[in-house]
Amino acid sequence: MKILIRRDPDHLRKRKKLGSMTTAATQNKFKYSEARILVVDDEPGNVKILERLLRGSGFKNITSTTDGLTSLELYKTYQPDIVLLDIKMPGFSGFDVMDALSSENQHDYLPILVLTAQMDHSTRLKALKAGAKDFIQKPFDMAEILARIQNILEVRLLHNAVRDQNKTLEEEVQARTQELEKSRMDVIHRLGRAAEYRDNETGMHVIRMSKYCERLAREIGLDDKASQLVLYASPMHDVGKIGIPDRILLKPGKLNAEEWKIMKTHAEIGAKILSGSSSGLMQMGETIARCHHEHWDGSGYPQGLKGREIPVEARIVTVCDVFDALTSERPYKEAWSVADTVAEMKRLKGTLFDPELLEAFLQILPEIITISQKFSDTETDPTILKSIREEIFHESFAHCNSL
Ligand SMILES: [Fe+2]
Ligand SMILES: [Fe+2]
C-alpha cells in the first residue's frame, strides 16, 4: 500500500542524535549506525522512501525486499538486527512472515517493527501474538521510527548479551564437568592398578577382566549404560587388597586359616574404600568389591549371599575374574589351558557360578579368548601398555559422562 511521509520540523535536529545516543547498548560499544536493517514492504515506492530516510539518518546497512517469502531467506542470510515489516502484503503477508520466523527461531528475540496503516485493537493484538515487538503507524514520523528502532535494538542487544553469557556459562560448566569426569576416571584407573600391582606384575588382569565383564553384561541384555558401568567399576573389585599385609598377599605358598581369614577381609575393605559416593559408578564399584567372592550356593563371603541375592554385576565379575585368574600365570601357579579352565568352571556351575551367566559366558568364549590374547600378560612394552590403558580408561570419556 502507498505511504505518506509526515515531515517533522525537528527531523534534521533529531537525526543528528543517532550517533550520540547514550544507552546501555551504546555502552556495549554497539554503533546504531551499523545495525543491519531489513525492510519488507510489497510497495517498491515505500521501500525506496524508507531506505532513503534511513540512510539519511545515518544507517549504513540496509537491505530490502518486496516479497514476504523472500524475506525469510534474507532473515537467515543477512541476519538483520531489526526488521521493518509491512503487514498487508499479497500472498505471503506480514503475519505469515512473523509466524514462519517465530517457529524457526523459537529461542531468539525477533526484532520486528511492524509498519501498518491498520492500528485497530485486533490487528495490534494479532501482530503482538505473532511476534511483533512494536508498531509504526503510517504515515511515518521519522523521529518516531528512529526512537522505536533504538528501543528494539537496545532490547535485542541486552537479550543477546544474556544469551551469550548463558552460553559461556554452559561451556564453562561443561568443561569443568568433563575435567571432573576425567579426574574421577583417573582415580578409578589408579585404584585398580594400585591393587593389582601388589600381586600382579603388569596389572593386565584388571584390564582383561573388565573387558570380559562388559562383553558378558551386553550378552545377558544389560543396556549400554549399565554395561559401561560394569566396564569401569569392575577394575576396582580387588581394591581392598591395599589393606592386606604383604606377608599374606605375597606369600608364595598356601595361606593358613588365620591368614586366609585376613585375606578375605579385602572384600569389605574395598567396599569401605569406595563407599559413601553419590556416583553410580562408585556405588557399583562398592557393590562389586563387597560381593565378588559370594557364591551362587551361598558358600561365599563376606555375607554368604545366595543366588539372585548376589547383585548381577558381582556375579558377572565372579565368572570373569575366575576365568582370568585360572588362565593366567600367578606366582603360585602356572597358567591353565582354556580347555582345563572351562572344564573346571563347568564343574563349579551352580555352586560358585550363576548357571545362566556361565552358559552365556561360554557362548561368547571365542571373543573372550580374543580379548585375552590382545591384552596378554606378555605385553610388557610400557608404551603399548600406556596406550592400552588410555584406550580403556580415557578414550571412552564421551560415553561415560552420565555414569
Ligand atoms: Fe578379590
Ligand atoms: Fe581379580
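Numbering of ligands and ligand atoms starts at 1, following listing order.
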Please report the C-alpha distance between Asp67 and Thr65 in whole Å, then the side-chain angles of each, then the deciding distance to 0.1 Å, and finally whether the side chain to side chain donor-acceptor pair (under 3.5 Å) criterion is met.
CA-CA 5 Å; Asp67 177 45; Thr65 177; 5.3 Å; no
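- Sequence neighbours left out, the pairs with a member in residues 275-308 that pass ring-ring contact (aromatic ring centres under 6.0 Å, His included) are His237-His292, His266-His292, His266-His293, His293-Tyr301.
- A salt bridge links Arg215 with Glu219: at least one charged nitrogen is closer than 4.0 Å to a carboxylate oxygen.
- For the pair Glu356 and Arg315, the salt-bridge criterion is not met [side-chain N within less than 4.0 Å of a carboxylate O].
- For His293, the N, O or S atom closest to the Fe ion (ligand 1) goes by the atom name NE2.
- Of all protein atoms, those that are N, O or S and lie under 2.8 Å from the Fe ion (ligand 2) total 3.
- Scanning for side-chain contact (heavy atoms from CB on, under 4.5 Å) contacts around Lys60 gives Ser33, Glu34, with sequence neighbours left out.
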May I have the list of side-chain donor-acceptor pairs in residues 340-347 shorter than 3.5 Å, sequence neighbours left out?
from   : atom 1 : to     : atom 2 : distance (Å)
Asp340 : OD2    : Ser337 : OG     : 3.4
Thr341 : OG1    : Ser337 : O      : 2.8
Glu344 : OE1    : Arg347 : NE     : 3.0
Glu344 : OE2    : Arg347 : NH2    : 2.8

